[in-house]
Enquirer: 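My structure is below; once you've seen it, I'll send some questions.
Worth saying up front: this structure is predicted, and the values here are computed from it rather than measured. Reminder, nothing fancy here: chain letters follow the sequence lines and each chain counts from 1.
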There are 2 protein chains.
Amino acid sequence: MKEGPDIALIGSLIGDPARANMLTALMGGRALTATELATHAGITLQTASSHLSKLEAGGLLSQRKQGRHRYFQLAEDEVGLMLENLMGFAASRGMNRHRPGPKDPALRKARVCYNHLAGDYGVRMYDSLIAEKQIEINGDDLALTPAGQTRIEALGIDYSALKKLRRPICRTCLDWSERRSHLAGSLGEALLTLFIDRGWAKREANSRAIRFTASGEKAFSELFPQ
Amino acid sequence: MKEGPDIALIGSLIGDPARANMLTALMGGRALTATELATHAGITLQTASSHLSKLEAGGLLSQRKQGRHRYFQLAEDEVGLMLENLMGFAASRGMNRHRPGPKDPALRKARVCYNHLAGDYGVRMYDSLIAEKQIEINGDDLALTPAGQTRIEALGIDYSALKKLRRPICRTCLDWSERRSHLAGSLGEALLTLFIDRGWAKREANSRAIRFTASGEKAFSELFPQ
DNA sequence: TTCATACTTCGATCGTAGTCGAAGCATCCC
DNA sequence: GGGATGCTTCGACTACGATCGAAGTATGAA
């Protein structure tokens, strides 16, 4: 009768609107304090605190104390992937929290998916990397080809440092707006950081949206031709 | 602030234990009546009825009237994929509803994932099909190669009939026990049906487990060498 | 028609979980 | 030290939703 893993547990964790709002806020990739998350969810600090401890107990969140602040973030990449997946499903059922607003196109164009680039730009980058055989699919795993390695090192990404991490370097993540894969993993994170460090793009405050500058778009398109 | 799809809605649908039990029961692939689902969930018929209408309104279930029975099933393949995905996540967090029981190994070996084969056997079949280049990955899509087409037609599967359906023929699904991909889609369904029709395997009653016969295992291993 | 089965709807109950006010720690700054 | 600020814990309130009994509808059988 009762077989397999307990989906009701995660379901109920995500099922509360306040918690869901916090989680989506954390999909922005930044670590947020309890107070920030409380305002995101539209609740008082006390209730937020109780929600946060539940999410942490459920393994969805991890926290880091810094002085008198407590920074929360998604516990692992997998949490972000799972959430993006759920969003994709919800979107396919037309479950939206609002009628598409002015922010919506910006989100679809480029946004943060926990720590990497998603949206149209994320998918374009992924497709380009595949087309140029810089990453390739081996069974279930995505791997950097030798050509890809030299390529990203030329961009200034420290490949050996990525390799030392326990996390997978390349990983696919299903995009909810495009319904296609894009690149996650430590390389996905490194690339997004690169774009921001080079001033090609900026994270918008209080949003998952990423705004590319005009020159940033040009550089991006040259780097990842379609 | 409130961006993107509403994950809280699906979360709350899945978050109720009774509903989660019904959904996992329906992952067995058979269409079940309201009464059967009520007993699966351990609740009375009245409450089951209310849960079922909520699940249907949420687009997770569809129903089909047949005489005085009402058969429920997962609305689409995507629902099954999403649920299996969630189970994978739950399993990776150690969220199990029971300490692994005697049924557990059987489930991990071979089980139904809504309408196709999952577990060790599902993954083995998938790997074998990939290794022999009968299916291949093109970007996000999985496709049958010409060699694969002749192969499955030789097995007695009507390829042109599959092609006429709106559903994708090949599709990957993430296995929660193996944490690897296996084959879903209409071909995945057709293959499982084939195994059962040929008497190689049987569905267990009231369980997702699939039991292969000795000769069935042999035939399966010959068909999909490792 | 009459009875039985399958299911839904209504109404009432009950529990639990989300919520906040108030008080209690902890950390930082002056 | 004293007084902010950030967060947690406690306790009480409340509301929502899960639950079931009882009555109502639909289909089928006799």
Enquirer: Using whole Å, report how far NE2 of A/His69 lies from C1' of D/dT8.
Expert: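 Those two atoms, NE2 and C1', are 16 Å apart.
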
Enquirer: Quick one: list whatever passes side-chain contact (heavy atoms from CB on, under 4.5 Å) with B/Thr44, sequence neighbours left out.
Expert: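 With sequence neighbours excluded, B/Thr44 shows a side-chain contact (heavy atoms from CB on, under 4.5 Å) to B/Gln46, B/Thr47, given in chain and number order.
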
Enquirer: Between atom CG in A/Leu37 and atom C1' in D/dT8, what is the gap in whole Å?
Expert: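 Rounded to whole Å, this separation is 15 Å.
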
Enquirer: According to salt bridge (Lys or Arg N to Asp or Glu O under 4.0 Å), who are the partners of A/Arg180, at least two apart in sequence or on a separate chain?
Expert: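 With neighbours one apart ignored, the set is A/Asp127, B/Asp140.
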
Enquirer: B/Ile14 CD1 to D/dG17 P: how many Å, rounded?
Expert: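 Atom-to-atom, B/Ile14 to D/dG17, this comes out as 17 Å.
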
Enquirer: Which stems, defined as runs of 3 or more consecutive Watson-Crick or G-U wobble pairs with both pairing distances under 3.5 Å, involve DNA chain D?
Expert: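 Only these stems qualify: C:1-30 with D:1-30.
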
Enquirer: Taking only residues two or more places apart in sequence or in another chain, which ones pass salt bridge (Lys or Arg N to Asp or Glu O under 4.0 Å) with B/Asp77?
Expert: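 Testing B/Asp77 for salt bridge (Lys or Arg N to Asp or Glu O under 4.0 Å), a comparison that skips the adjacent residues, returns B/Arg167.
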
Enquirer: Can you list the residues that meet the side-chain hydrogen bond (donor to acceptor under 3.5 Å, both in side chains) rule with B/Tyr121, with sequence neighbours excluded?
Expert: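 Testing B/Tyr121 for side-chain hydrogen bond (donor to acceptor under 3.5 Å, both in side chains), a comparison that skips the adjacent residues, returns B/Glu217.
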
Enquirer: Where along residues 47-65 of chain B does a heavy atom come under 4.0 Å from DNA chain C, residue by residue in number order?
Expert: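 Residues of residues 47-65 of chain B that come under 4.0 Å of DNA chain C are, in numerical order, B/Ser49.
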
Enquirer: Considering residues at least two apart in sequence or located in another chain, which fulfil the ring pair (Phe, Tyr, Trp, His ring centres under 6.0 Å) criterion with A/His51?
Expert: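 So A/His51 forms no ring pair (Phe, Tyr, Trp, His ring centres under 6.0 Å) with any residue.
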
Enquirer: Rounding to a whole Å, what distance do you find between B/Arg70:CZ and C/dT5:C1'?
Expert: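 Roughly 14 Å, once rounded to whole Å.
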
Enquirer: Over how many whole Å does the gap from B/Ile43 atom CD1 to C/dT8 atom P extend?
Expert: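 Roughly 12 Å, once rounded to whole Å.
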
Enquirer: Round to the nearest Å and state the distance from B/Leu45 atom CG to D/dA22 atom P.
Expert: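 Spelled out: CG on B/Leu45 to P on D/dA22 is 15 Å.
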
Enquirer: So which atom in A/Arg93 and which in B/Gly59 form the shortest heavy-atom distance, rounded to 0.1 Å?
Expert: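 Here A/Arg93 and B/Gly59 meet closest at NH1-O, 2.5 Å.
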
Enquirer: Please report the closest heavy-atom contact between A/Gly119 and A/Ser177, naming both atoms and the distance.
Expert: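 Heavy-atom minimum between the residues: CA-OG, 4.0 Å.
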
Enquirer: Taking atom C1' of C/dA4 as reference, at what distance in whole Å does atom CZ of B/Arg68 sit?
Expert: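 After rounding, the gap between these two atoms is 7 Å.
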
Enquirer: Starting at atom CD of A/Gln46, determine the distance to atom P of D/dG6, rounded to an integer number of angstrom.
Expert: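 Taking CD of A/Gln46 and P of D/dG6, I get 14 Å after rounding.
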
Enquirer: List the residues meeting ring pair (Phe, Tyr, Trp, His ring centres under 6.0 Å) with A/Phe195, not counting sequence neighbours, and say none if there are none.
Expert: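 A/Phe195 satisfies ring pair (Phe, Tyr, Trp, His ring centres under 6.0 Å) with A/Trp200, A/Phe220 once adjacent residues are dropped.
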
Enquirer: From the list C/dG18, D/dT8, D/dC20, which nucleotide is the closest neighbour of the side chain of A/Asp16?
Expert: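 Closest nucleotide among those given: C/dG18.
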
Enquirer: Listing request: all side-chain hydrogen bond (donor to acceptor under 3.5 Å, both in side chains) pairs with a residue in residues 82-91 of chain B, at least two apart in sequence or in separate chains.
Expert: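 Matches after skipping sequence neighbours: B/Glu84-B/Arg111, B/Glu84-B/Arg208.
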
Enquirer: Select one nucleotide: of C/dC20, D/dG21, D/dA18, the one nearest the side-chain heavy atoms of B/Thr44.
Expert: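 Of the options given, the side chain of B/Thr44 lies nearest D/dG21.
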
Enquirer: Looking at the side chain of A/Arg19, which of C/dT8, D/dT19, C/dG18 is the nearest nucleotide?
Expert: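 Looking only at heavy atoms from C-beta outward on A/Arg19, the closest nucleotide is C/dG18.
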
